[in-house]
Q: 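Before I ask anything, let me first share the structure, which is written out below as structure tokens.
In what follows, chains are A, B, ... by sequence order, proteins preceding strands, each numbered from 1. Any value given below was found using the heavy atoms of this structure, including those in side chains, with hydrogens, waters and symmetry copies removed.
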Amino acid sequence: MTDKMTFSKRAEFISKLRELLESGVPPKKLKIVMPHPDHEVDEIVEKYVPPSKLKYFTLAGALSGFIGGFALTIGTVLDWPLITGGKPLISIPAFIVIVFEMTILLGATVSLLGFLILSRLPSFKSIISPEDYGNEFVILMDRRDE
Amino acid sequence: MNRKDADPQDTSSGKKGNPTAIDYKDQLERDILYALKKPTPLYWGGLALAAGLVIWGAISWSIQIRTGLGVTGLNNPVGWGAYITNFVFWVGIAHSGTLISAILFLFRAKFRSRFNRSAEAMTVFAVMTAGLFPLIHLGRVWFFYWLFPYPNQRYLWVNFRSPLIWDVFAVSTYFTVSAIFFYVGMIPDLAIIRRLKEGIGKRIYSILSMGWVGTIKQWRHYNQLYKFLAALATPLVISVHSVVSWDFAMSVIPGWHTTIFAPYFVAGAIFSGCAMVITLVVPMRKMFRLEKHITVDHFDKLARLLLFTSLIVGYAYIVEYTLAFWSGNVYEEGQFIYRAVGDYAFFYWLMITCNVVLPLTLFVKKLRRNISYLFVLSLFVNVGMWFERFNIIVMSLAHDFDPYNFGFYIPSIIELGITFGSFGWFFMFFLIFAKTLPILSITELKEEVHD
Amino acid sequence: MRRRDFMKLMGIASTASLMSSCGVERSTEKLIPFVVPPEEDYIPGEDYYYNSTCTECPANCGISVKVREFNPIKLEGIENHPINNGALCLRGQSSLMRLYHPERIKTPLLKNSAGNFEPTTWENAYSQIIKSMRDSEQNGKDNLYLSGRTTGSLSELIDEFCKVTKAERLPEYETFSYANLREASNIVFGRPEIPNYSLDKSDFLITIGADILETYISPVQLTSRLNKAKREKNFRWTHIEPNASLNGFQASEKIRIKPGSEPYLLLFLINFILKSNLQKNRIPNNILAVLPQVGVGEVESQTGISNQVLNDMAQSLAKATSPLVISGGVSTAQSGGLEIAVLTGLLQWATGMATDGVINFSISENYSSVGSVLDMVNLVNRLKNNEVGVLFISNTDPLSTMPDETGLEQYLEKANLRVAFSDFQNKTTEKCDVILPLSHTLESWGDAEPRNGLVNVIQPTIEPIFDTRSEGDILLSLLRAYGKNQTAAGYQEWLFSGWNEKHGPAFADQFLKKGYAETIPPKIALSLQANRIAEFIRGAKFATAVSDPVLFVTPSLRTFDGRSAILPLSREIPDPLTTVTYGKWVSISKENALELGVKDRDEVRFEIDGTSFELPVRIQPGLAKDVFTTHRDQIDCKLLNIDPRTGETLTALTNFSMTKTGKSVAIPILSGKMDQEDREIIPDHYDDHEMEHHHEVKATLYPEEKYPNYRWSMSIDLESCIGCSACVAACYVENNIPVAGPEQHLRGREMSWIRVQPYYNQKEEAEFLLMLCQQCGNAPCETVCPVYATYHNPEGLNAMVYNRCVGTRYCHNNCPYKVRRFNWFEHEWPEPMNRMQNPDVFVRGRGVMEKCTFCVQRIRKAKDIAKDEGRKVRDGEVTPACAQTCPTEAIVFGNILDKESEVYKKSQSDREFRVLELLGTLPAVHYLRKGEETHES
Amino acid sequence: MSGIQTKLAIAFLVITGLIYVLEYFLPAGQGGAHLFNLLFWIAIIEGSIAVVAVGEVTNGKWVKPYRQELLSVYPLILLIGLLFVIFIPRLEYYPWTEQPGIWLNKNLFIARHVIQLIVVFFIARKFARESINEGQKRAFWGVIYLLAFAISMTGVAFDWLMSLEYPWFSTLFGALFFIEAFYCALALAGIFSFLYKAKFLDTYGESFESARMDIATLLFAFAIFWASQFYTQYLVIWYGNIPEEVSLIYYRTIDSPMREFFYSVVAFNFIIPFITFTYRRMKANYLVFLIVSIVVWVGIAVERLVIIVPRLSINPLILIVEFVIIGLMMIYVIRKRDSFLVKST
């Protein structure tokens with residue numbers, strides 16, 4: 001049993017939200033839908049819910065890219081050592097470019113992955129039956145208490 | 001909501017009385033999605049033209065593949081010409097996209113929200129165009145996959161010391177990341193279209209929007225992601241054009257081998273990119289009646305950016321030139337004298353005029369705020385930047401160390417065909433984008449609205 | 001009778017077994033591909049070498065032919081051959097293309113009533129000829145036999161043929177008949193011959209107009225001898241010429257003389273020698289009496305040579321222990337040419353060189369049976385009065401090279417039947433009724449006698465490609481058809497029996513193996529024909545310097561008199577002085593260019609008494625004002641005149657007018673610029689600044705390369721290099737380099753791996769820089785290749801993996817020397833040209849980069865042999881094609897790690913430099929700057 | 001106001017005299033110390049004003065708190081001018097003086113730099129006053145100053161420093177140099193925020209905090225930017241490996257301790273600031289900020305030294321003395337800022 005509150009004015013919405021949270025309603029019982037992000041709302045919510053875990057994904061991706069880059073470049077030159085232009089086999093200055101690009105590439109793709117996982121996307125339920133709230137701010141509260 | 005009245009002229013709901021934020025936001029959606037209405041004949045004409053160019057290019061390329069690179073104007077001293085010029089040009093165009101969306105995002109510059117969507121689209125399509133040219137210029141394009149490090153029985157890997165391999169990595173990374181950036185930025189807007197559309201359209205857009213709801217949880221991850229992507233894209237954009245510049249700087253050829261190339265090319269890229277944004281957005285703004293949302297002030301900001309980058313480019317020109325004589329190195333001197341008075345002198349001075357002299361007029365506030373002037377200027381800058389690359393590439397090769405090897409090159413009809421084809425290719429995608437996806441970031445515009 | 005059985009009879013199966021498929025009138029069973037096992041012991045993939053003779057020009061160098069899978073694929077000079085000593089010239093190297101040329105005449109041709117040629121059978125052709133010969137015998141007409149210079153057994157056979165058929169053998173026709181020279185030595189010494197000059201024995205050489213490095217008599221011989229002399233420290237060479245040829249730039253000093261004023265110089269020298277009364281007594285008084293006295297001032301003004309230069313020359317001539325003066329070329333081919341030649345002879349006598357062995361008449365060049373244009377004039381007269389029945393024209397093309405005065409062209413029809421023996425259609429054959437296709441030398445048996453006491457073998461190396469026959473076989477068949485019963489089945493048999501008679505049975509074997517047989521003829525005591533000389537001088541009118549413009553029509557280094565123009569390479573390889581490849585042009589001086597207001601490629605019209613012709617110009621630094629040069633095959637020879645006294649063709653055109661047509665002709669000029677713009681591509685000397693560079697060169701951020709066994713290197717001595725471009729031709733043939741053709745050249749797409757780059761300095765002297773892949777230690781091209789298609793192999797070679805190349809052309813862009821070549825198209829090898837491809841070298845396809853790799857295939861072979869024998873490759877065991885053919889041994893190749901190797905020693909010379917050394921590319925090619933060694937290293 | 005001006009004038013002359021004595025009457029070697037101080041201080045001085053200029057042009061809020069302190073160093077440009085004049089005799093040690101070129105010859109060299117310094121001084125002065133008074137034209141003068149700054153820094157980099165290695169040259173050197181100027185100016189701001197913490201806090205409060213964070217972020221960004229440019233220059237040189245060009249790096253990396261110094265620059269200017277400032281908490285900490293700022297200064301100093309030492313011998317003692325003198329002068333000027341650089345009412 002959920003009850004739905006819709007606000008056309010941002011201010012009202014924010015005050016209500018603050019009130020709810022301060023009154024000790026567990027955040028997981030609330031489903032807040034906004035037409036666009038809002039800093040103030042973030043600040044309020046931050047006090048009650050832990051920050052996004054996305055950064056770990058990004059870090060992991062970037063790191064693997066970094067290591068993978070070195071592994072690929074150095075590994076291949078050692079696999080079949082061919083001298084070109086008198087440059088040392090393991091030409092770090094040249095390889096840095098590859099390493100850098102791979103860091104970014106994996107960093108970005110893994111972040112995207114993380115985002116999809118964390119925010120439960122793509123959600124087939126709402127693809128099939130989209131839930132839209134227009135430009136209003138909506139708070140859905142789960143009344144059932146276990 | 002009924003799409004019949006989705007017409008910006010009908011701002012009644014907003015006009016009369018005191019418009020509430022909601023009204024305004026609805027209005028905003030209608031204004032921007034007005035672009036998705038039925039295409040006009042003009043639009044179809046443009047699309048047809050673009051497609052035609054693409055076909056011309058395709059035919060030219062097939063001829064080249066069948067008979068060999070001899071059909072180009074390339075020859076013994078000059079091994080690279082129009083193709084590599086186009087490659088660098090298009091990668092350059094791609095840059096302002098990420099710049100405007102990522103760097104300006106980090107610098108919290110407001111005016112970005114008016115341009116970022118079209119800029120990002122531009123980036124994706126420009127990279128798609130640029131990516132073709134490394135293939136086109138290959139002598140044996142049917143072996144292009146040898147440029148990728150894939151395991152094979154012969155234990156043959158690619159040479160990671162070669163700038164061309166750096167290109168492969170840089171460009172493909174750049175494409176992936178900017179595509180992600182483009183798409184992620186669009187998800188909430190896609191959800192909006194989903195809401196406004198009916199029937200099959202609704203289906204498609206709800207799939208595209210991946211069932212985005214807009215819960216606070218999603219928004220928080222979303223913002224995180226966007227920030228990270230911006231943070232990753234910013235160094236990426238610098239690196240990509242640095243790598244492109246290193247295709248030349250890594251060589252030993254006078255006119256190519258110079259340390260300033262990386263920042264110089266990056267600035268140049270952003271410069272040409274901004275110009276292209278103006279070239280695209282000015283007509284778009286007119287066609288889709290967005291004057292209300294993309295104002296003169298926004299263009300003014302963009303013009304300042306254009307001026308700034310043009311100053312950097314000018315700085316690079318001057319440094320390059322003076323140091324050639326400062327150093328007393330005969331080969332450098334020879335090269336730069338050749339540029340100013342040699343076979344291609346005309347194009348050299350054309351480049352100087354378009355990239356350094358004309359943009360100086362932007363110091364004048366009046367001109368900065370004159371949209372049609374900006375549009376014309378941006379066209380000049382595009383031309384100028386194309387020839388900048390042409391000059392650097394061709395002149396340096398045509399006039400290197402040994403006087404015996406001095407030569408000359410002019411593009412052949414085939415090369416021109418492929419060049420125009422690439423423009424067709426780019427504009428074709430952009431036109432399709434303009435009719436199918438939100439051309440402005442609705443969500444971000446809403447964000448700026450307060451009760 | 002099958003040749004093989006015959007050879008067995010000869011008892012030299014050893015050679016026979018190898019020369020399996022060579023023969024005369026035989027089916028071509030041996031040419032079917034190798035799926036069918038060969039019936040003779042022959043190893044596929046093996047190179048077989050056969051000695052033979054190059055007949056591209058009358059010099060007749062000895063060649064050893066490399067045969068692979070029954071196809072000759074490369075010509076190289078025979079080691080220590082008395083003429084060419086292992087070397088070969090540009091034309092010699094290219095001449096292989098004559099064999100495989102698709103445009104060869106493939107069957108006997110008969111002109112039909114409509115005047116077109118149509119194929120016919122040999123028998124038919126023979127019977128036609130015999131019939132017509134018989135007719136002319138009946139109605140009292142003479143059958144005449146005209147041929148190009150023919151020596152050795154073939155000449156004898158012709159005589160026999162003429163004897164039997166009562167035909168008359170005419171004096172032979174050669175474009176360069178040296179009539180003046182021969183007449184002169186006839187006047188001076190009573191010997192109408194061209195002596196053999198031992199340049200190597202002289203210590204001071206004066207050449208007057210004689211282009212000893214290009215086409216003069218036996219260029220390769222003279223060049224290599226010159227080089228031998230040069231290596232002696234105290235050798236000095238003064239070259240005097242009115243034009244600017246290759247020779248001048250190589251001489252110790254080049255002296256530019258006003259056209260036609262040579263006699264004054266010679267008179268001055270003679271008088272000086274006499275005054276210096278060393279040799280006074282040698283010149284009899286009756287000559288002294290008539291010998292004109294010339295004052296220094298007069299000579300100075302006439303010749304335009306400064307006083308002290310003259311004196312210096314004369315003094316060193318007087319001082320020299322064994323001086324040598326040679327005149328020829330443009331100088332003796334002028335109206336006053338005979339005088340010049342005679343005075344030269346006189347000088348030779350006066351300085352005693354004629355007797356001390358530098359000038360050798362005992363082994364004089366074999367021109368005895370060669371006539372002159374005068375003889376052709378006679379022929380024409382006989383044609384005029386309908387005295388000629390059958391006219392055989394063998395192996396010569398008078399119509400395209402002879403002056404018009406004779407009018408041969410219009411009267412040729414008057415012969416009843418004109419029979420041509422030829423390998424290609426040319427102006428003369430067009431006018432004939434019967435054309436019998438000649439086999440190429442490489443397809444036929446024979447021998448050649450370039451000079452007294454030297455016989456070269458000619459032996460087949462391949463089955464005739466088309467239905468052609470050698471001249472010898474044709475003559476024998478004709479004889480048979482004429483009714484003479486023959487012992488010999490074919491010319492080969494005739495030849496062997498001939499050798500047998502002359503030299504005994506053991507000879508042939510040796511002869512074939514060695515390639516030549518040399519005998520020392522008795523010395524000839526020369527005597528001065530005092531009276532004849534005196535009388536000649538009395539009659540002589542010594543020409544004075546011509547003041548108005550002169551156009552010299554010189555023989556061409558690339559095409560000789562035009563006969564070699566048919567060889568694709570002779571046009572593909574640029575003219576070393578102007579770097580023009582295809583098309584015709586006239587070289588003019590900067591001054592004249594300014595005067596006419598023309599630049600390269602602008603067309604000018606020449607008007608000479610009535611007729612006129614146009615040529616595009618090419619500005620050639622070093623030419624004197626009002627002196628123009630073009631090549632024999634680039635203008636219509638009808639314009640030339642002859643010297644009525646000797647029949648020498650006069651190739652110096654005067655009193656013409658020049659005008660600018662305003663048109664511009666697209667002729668390919670390969671050189672971007674011919675001056676160095678102070679870029680020190682060839683550093684002129686080491687000043688401190690450069691020394692700085694030298695120590696800078698050490699600065700590097702890379703680890704030092706380690707080469708386990710070999711570091712292949714090359715040294716090129718610019719002192720010896722004469723720019724003759726023989727190496728270029730050799731490289732083309734050895735490495736299957738495609739011929740790009742004029743269109744591609746105009747686009748700047750030549751394919752040469754090695755090239756001769758001329759640079760003209762402020763003094764307008766040319767220096768030649770051989771440019772080829774420098775096999776850099778730190779090669780800029782390698783690193784930038786994305787797919788490792790080019791990399792540095794452990795022997796220091798800049799290896800090129802054609803299969804791996806994807807064609808980004810980045811390596812080419814990044815090469816400071818621009819020595820890489822890209823395959824813009826799939827290149828054509830028209831049948832049967834493809835048969836001359838070297839199986840050891842990859843034939844590159846479209847879209848692939850290619851370049852020189854020091855003939856890596858040869859290195860491979862040498863290493864295999866060394867491996868089998870369990871040792872390292874010895875110094876001098878590997879010779880790249882370019883080094884192999886170089887007449888001056890300017891190119892030395894070897895392993896620079898081996899401190900004993902010659903290339904290492906040369907690299908230590910203080911003349912050593914490397915091109916663009918300041919780029920730190922560490923090239924493996926070490927150049928030796930022109931000039932003297934300042935200290936021995 | 002004239003009082004302070006005369007004071008400064010006298011102080012400058014005294015210092016100039018002092019350094020002249022140090023340089024030419026003591027065993028100062030070839031004036032390496034002198035050149036080092038010139039290069040080090042001019043970068044900081046012109047850089048600080050440039051930082052403000054950028055703030056004004058982009059009207060960033062972060063510049064406001066630091067404005068007066070950063071601007072107040074502008075008079076020192078004159079001091080540098082004077083010091084440059086007494087440096088002139090040292091030019092003989094420059095390799096190009098043997099064979100002067102069109103661009104590199106003593107007279108032109110001296111002329112262009114004296115003029116440059118004077119012009120820059122006046123522009124800086126004008127801008128400083130505009131800015132402090134929040135005048136209408138301050139953005140305009142900001143732009144003018146930045147142009148002047150770019151030119152003068154490039155000139156200094158190429159002529160004073162790079163031409164020591166002649167014929168070595170790198171087109172990026174100028175840009176790198178004024179990036180560094182900017183970089184150490186930001187570091188100076190970092191130092192200020194430690195020194196004037198209290199004052200700033202009670203004048204600007206919260207906005208100071210955010211401004212400081214912005215400065216820190218900028219410092220962080222510049223660490224990356226500097227690294228990228230340094231790498232760019234290194235990579236191009238390393239890859240081309242043209243002897244004439246690698247000479248700079250080559251002669252500084254063949255032997256110890258030069259090699260260690262050379263590479264330590266990367267640690268000082270990139271690794272340390274980068275690592276520390278990746279963590280928000282570190283940024284927020286005043287002391288850390290101070291330390292990082294100083295590290296950056298050290299990095300720049302070491303880089304200059306590494307380039308100078310192999311060409312011009314240095315007397316370390318004199319180097320330090322001169323450094324201290326100029327440093328003290330700077331502190332003095334900054335402390336006296338209120339007496340010559342205040343909002344005119």
Q: How about A:Lys28: does its NZ atom have over 12 heavy atoms from other parts shown lying under 6.0 Å from it?
A: no
Q: May I ask you to name which of C:Leu701, C:Val784, C:Asn778 has the most heavy-atom pairs under 4.5 Å with chain A?
A: C:Asn778
Q: Taking all atoms of both residues into account, what is the closest heavy-atom pair of C:Glu782 and A:Ile83, and its distance?
A: OE1-O, 4.3 Å
Q: Write down the atom of A:Gly86, the atom of C:Tyr702, and the distance for their closest heavy-atom approach.
A: O-CB, 3.3 Å
Q: Of the non-hydrogen atoms in C:Tyr791 and A:Thr84, which two are nearest, and what is the gap between them?
A: CB-CG2, 4.2 Å
Q: For A:Tyr56, does the OH atom sit with more than 12 other heavy atoms under 6.0 Å from it, leaving out its own atoms?
A: no
Q: Using heavy atoms and a sub-4.5 Å threshold, report which of residues 802-809 of chain C line up against chain A, by residue number.
A: none
Q: Let me know if C:Thr790 has heavy atoms under 4.5 Å from chain A in its side chain, its backbone, both or neither.
A: backbone
Q: Between C:Pro780 and chain A, which part of the residue has a heavy atom less than 4.5 Å away: side chain, backbone, both or neither?
A: neither
Q: Counting only heavy atoms from other residues, nucleotides and ligands, does the tally under 6.0 Å from NZ of C:Lys867 exceed 12?
A: no
